[in-house]
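Heads up: the structure comes next, in structure tokens.
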Amino acid sequence: MPTANYICSMSIVKNLQESTIQSLSALYNQSFTEKDFQINQTKPEFEGDYTLVMFSLVKSLKLPPETIGNQLGEHLIKHYPHLFSAYNIIKGFLNLTVIDAYWHDFLNENHNNTGYGKKGMNGKKVMVEYASPNTNKPLHLGHLRNIFLGWSVAEILKANGYEVIKSCIINDRGIHICKSMIAWQLFAQGSTPDSTGIKGDHFVGDYYVKFNDVYKAQVANLITAGKTKDDAEKEAPIMKATQQMLLDWEDGKPEVMALWNTMNSWVYAGFDVTYNSIGADFDKTYYESNTYLLGKDIVQQGMDKNVFFKKDDGSIWIDLTAEGYDEKIVQRRDGTSVYITQDIGLALQKYEQFKIEQSIYVIGNEQNYHMKVLQLICQKLGMPNADNIFHLSYGMVELTSGKMKSREGTVVDADDMVNEMLATSQQHTEELGKVKDFTETELKLLYHTIGLGAMKFYLLRVDPKKTMVFNPAESIDFHGFTGPFVQYTYARIKSILRKQLTNDSMTNNTMTDALLKSEKEIMVMAEQYPAIIEQASAELNPSVIANYIFHLAKSFNSFYAELSIANAETESKKQLRLNLSRLTANIIKSGMQLLGIAVPERM
RNA sequence: GGUCUGGUAGCUCAGCUGGAUAGAGCAUCAGCCUUCUAAGCUGAGGGUCAUUGGUUCGAAUCCAAUCCAGAUCACCA
């Protein structure tokens, strides 16, 4: 008999793959790989744990699937008695039952392992850039999807052994920033976030809105005065003032710089409050005001390498038509860099500063084209990190009524959203009345844990690539496929463990009775957790974890309703179920942590 | 128009590297709290997997065409 260590150091699927490959070679004198057959989890209506699909072997072996299944099943049972206890064949499917001892060993080894499923450091560095706000507007629901996604992906990569640097580029310059500044100069009469009690990012955002209102009115007036629309848009006094301010900013005019610094500091203070409340953080922050001049020397290099070319008016371009894209400008005729040039410069700077293996950009899918072009240019320039740029492209968040449009005031504000979720979690908690003995501080923390958990889970449970619809009514639901459901399951388990684990807590289970179906279901699922983390990491997809954790919690709740833990039939059954409960709780906590969601001990 | 996404139950989504009778949650209906937390559990109804054709022993999944929806194709960022 091999040791438990041998068995458990490898997942059951890997064990199954290897034993099948060896058995097939022994039986048929050919060599096989894991790609020659398929392994599925056995459907619940059939007997067994895992299923080998025989059809793909039929052609190369020239035998009917039933024959292969019988021979293979026989061989596996005989030569791997420490893994398999039974098999059956239905049509071309070989269903294998894993021996109970395997599951017991697995449980004994992991039920108290809070690091279960996570890997040791692999020595590789990855940067995840996310959030990346403008400083003229507060954060909205789309930012929340971005932030939760970026943060979670960073955690998932860490769990897979990467060193992760979370970064953020703040778009703190340009004409849109000047708009808020001009509007403030004209209309604020010296008021500040402090004097008005308005959160800094909202305060500045209000002046951005104000600018647009005034601008629109001025344009309308000029048009009624006989100007064309184009002329009116250029000549509106507030726009001219804004453009002058941008020039002054670029010249470093002291009073403009001072105002710019002040207003940005208001915004940052506001962002910090939001980041703090939703648990976002960054290891490295880049400011566009520092990076917008980057990339100039790269333009020169590109000219030298004939990757770029100069047009008659002096502007510099790259021709990507051979790659199926257009010509793209990289330097204006006045010699200033454009957006993409800055990005090239920043990409290189990131690489040089941190020597990262991979540079992940969490950016909406509206920039797919831009990011594709960015990578293409870097590759053409022969930059060392060009292949390491990865655009983690996520879909927009839409409302049931359609798209969010700032001009129509249908944008869901991030702070409003958080507050609403906190209020809802408070209301639910009070209605249920289970934590009446909590202190004020404990209650506040609990509302925050649940409210934020609901919101994060809601935004992360969907495949990031997909456009998702935000339904206000559904999002505040705390039942079913939601964060609070999972949190509740955790709190429920902890409650059981508190009551049942007094002194003789951590004994291993030594089972003689067969595992019951609902016990095994949890066991099988728990055993897959490490593979789930790997998958989430490979796909950079937190929804894999959200779905998995939900199903695990659901299975536990069924198990809980069906079988008694405290009053189990025997003492060994009780121990088994307690260990199973603890393992489930650990996985829930660990998986939720990868989503950035805390779990409460009671709720 | 070119390129890229997507279309699965009334709604929101899984499943997509081809496998057994397509799954969840919400909503609807019917049950379950004097034993471990009912934010829970059990069950019912609800589907032409956009359409058509192809590949295959087998297609929601792969390929092609068509229809529909969205994004993008700035000397804005």
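Lettering follows sequence order; numbering is per chain, from 1.
With both ends at atom P, the span from A65(B) to U5(B) equals 14 Å, rounded to whole Å. G15(B) and A69(B): their C1' atoms are spaced 22 Å apart (whole Å). Straight-line distance between the P atoms of U37(B) and G23(B): roughly 34 Å, to the nearest whole Å. G10(B) sits 32 Å from C33(B) when the C1' atoms are compared, rounded to a whole Å. Using C1' as the reference atom, G40(B) and G25(B) are 14 Å apart when rounded to the nearest Å. Taking atom C1' in both A14(B) and G6(B), the straight-line distance is 15 Å, to the nearest Å. For the P atoms, the distance linking U17(B) with G1(B) amounts to 31 Å, nearest Å. A distance of about 47 Å separates the C1' atoms of C29(B) and U72(B), rounded to the whole Å.
Remark on RNA chain B: of its neighbouring residues Ser425(A) and His551(A), the 5'-side contact belongs to His551(A), judged by nearest-heavy-atom nucleotide. Place Phe485(A) and Met54(A) on RNA chain B by their nearest nucleotides, and Met54(A) ends up nearer the 5' end.
Between Phe556(A) and Phe559(A), the ring center distance clears the sub-6.0 Å criterion.
Under the 4.0 Å criterion applied to side-chain N and carboxylate O atoms, Arg577(A) and Glu569(A) are assigned as salt-bridge partners.
Not a single donor-acceptor pair under 3.5 Å links the side chain of Thr285(A) to the backbone N or O of Cys168(A). In this structure a side-chain-to-backbone donor-acceptor pair under 3.5 Å is missing from Ser537(A) to Ile533(A). The backbone N or O of Thr33(A) sits less than 3.5 Å from a side-chain atom of Asp36(A), completing a donor-acceptor pair. The main-chain N or O of His479(A) is found under 3.5 Å from a side-chain atom of Asp477(A) such that the two form a donor-acceptor pair.
Residue pairs satisfying the side-chain hydrogen bond (donor to acceptor under 3.5 Å, both in side chains) criterion with at least one member in residues 59-68 of chain A, sequence neighbours excluded, are absent.
Stacking between Phe93(A) and the base of A20(B) is present: ring centres sit under 5.5 Å apart and the planes differ by under 30 degrees. Stacking here means ring centres nearer than 5.5 Å and ring planes tilted less than 30 degrees, and by that measure Phe55(A) stacks onto G19(B).
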Note to self: One pair to check against ring pair (Phe, Tyr, Trp, His ring centres under 6.0 Å): Trp249(A) and Tyr292(A). What are the steps and the verdict?
What the structure shows: CA-CA 13 Å; Trp249(A) 184 89; Tyr292(A) 83 109; 5.7 Å; yes
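Counting any heavy atom pair closer than 4.0 Å across all strands shown, Asn95(A) reaches a base atom. Note on Tyr325(A): nothing from the nucleic acid sits closer than 4.0 angstrom, heavy atoms only. Among the heavy atoms of the strands lying under 4.0 Å from Thr429(A) is at least one base atom, whether or not backbone atoms are also near. Within the nucleic acid shown, Lys372(A) has no heavy atom closer than 4.0 Å to any nucleic acid atom.
Checked against Phe93(A) for a ring pair (Phe, Tyr, Trp, His ring centres under 6.0 Å), the options Tyr50(A), Phe37(A), Phe55(A) give a single hit: Phe55(A).
Among all heavy-atom pairs drawn from Ala236(A) and Val219(A), the shortest one is CB-CG2, 4.2 Å.
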Once base and sugar-phosphate atoms are separated, protein heavy atoms under 4.0 Å mark nucleotides 30-37 of chain B, 5' to 3', with B, S and - as -----BBB
For nucleotides 72-77 of chain B, 5' to 3', base contacts (B), sugar-phosphate-only contacts (S) and non-contacts (-) with protein non-hydrogen atoms under 4.0 Å give SS-BSB
Using a cut-off of under 3.5 Å, enumerate the N/O to N/O pairs linking the protein to nucleotides 63-65 of chain B.
none

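Here Tyr369(A) pairs with Tyr325(A) under the ring pair (Phe, Tyr, Trp, His ring centres under 6.0 Å) rule; sequence neighbours left out. With sequence neighbours excluded, the residues satisfying side chain to side chain contact (heavy atoms under 4.5 Å, CB included) with Ser425(A) are Tyr447(A), Ile450(A), Phe478(A). In this structure, the salt bridge (Lys or Arg N to Asp or Glu O under 4.0 Å) partners of Asp437(A), at least two apart in sequence or on a different chain, are Arg602(A). Remark: Tyr339(A) engages His370(A) in a ring pair (Phe, Tyr, Trp, His ring centres under 6.0 Å) (not counting sequence neighbours).
Rounded to whole Å, atom P of C41(B) lies 14 Å from atom CZ of Phe481(A). One interatomic measurement links the two molecules: CD of Glu47(A) to P of A20(B), which rounds to 19 Å at whole-angstrom precision. The nearest whole Å value for the distance from the CE atom in Met468(A) to the P atom in A69(B) is 23 Å. For the pair Asn368(A) CG and G6(B) C1', the computed distance is 12 Å after rounding to whole Å. Rounded to an integer number of Å, the gap from Asn541(A) CG to C16(B) P is 11 Å. What separates CD of Gln41(A) from P of A22(B) is a distance of 18 Å, to the nearest Å. Residue Phe550(A) contributes atom CZ, which lies 18 Å from atom P of U12(B) at whole-angstrom precision. Atom pair His479(A):NE2 and C41(B):P shows a separation of 11 Å (rounding to whole Å applied).
The Lys91(A) side chain lies nearest to U21(B) when the options are U21(B), C26(B), G19(B).
Note: Tyr215(A) and Phe211(A) have parallel aromatic rings, judged against thresholds of 30 and 60 degrees for the angle between ring planes. Ring geometry for Tyr529(A) versus Tyr548(A): interplanar angle under 30°, hence parallel rather than tilted (30 to 60°).
Put simply, Ser393(A) has no side-chain N or O that comes within less than 4.0 Å of OP1 or OP2 on U5(B). The shortest distance between the side-chain N/O atoms of Lys554(A) and the OP1/OP2 oxygens of G25(B) is below 4.0 Å.
Near-neighbour residues of RNA chain B inside residues 459-467 of chain A, defined by a heavy atom below 4.0 Å, number-ordered: Arg461(A), Val462(A), Asp463(A), Lys466(A), Thr467(A).
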Using atom types as modelled, flag every donor-acceptor pair under 3.5 Å from a side chain in residues 539-547 of chain A to any protein atom, sequence neighbours excluded.
from	atom 1	to	atom 2	distance (Å)
Glu539(A)	OE2	Gln535(A)	NE2	3.0
Asn541(A)	OD1	Ser543(A)	N	2.9
Asn541(A)	OD1	Ser543(A)	OG	2.7
Asn541(A)	ND2	Ser543(A)	OG	3.4
Asn547(A)	ND2	Ser543(A)	O	2.8

Side-chain polar contacts of residues 239-247 of chain A - donor-acceptor pairs under 3.5 angstrom, sequence neighbours left out - could you list them?
from	atom 1	to	atom 2	distance (Å)
Thr242(A)	OG1	Ile238(A)	O	2.7
Gln244(A)	NE2	Asp248(A)	OD1	3.0

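In terms of polar N and O atoms assigned as donor or acceptor, the side chain of Thr51(A) comes within less than 3.5 Å of the base of A20(B) in a complementary pairing.
Look at C16(B): its glycosidic torsion is beyond 90° from 0, and that puts it in the anti range.
With Phe550(A) as the aromatic partner, Arg461(A) does not meet the cation-pi criteria of under 6.0 angstrom to the ring centre and within 45 degrees of the ring axis.
The strand RNA chain B forms stems, runs of 3 or more Watson-Crick or G-U wobble pairs with distances below 3.5 Å, at B:1-7 with B:67-73, B:10-13 with B:23-26, B:28-32 with B:40-44, B:50-54 with B:62-66.
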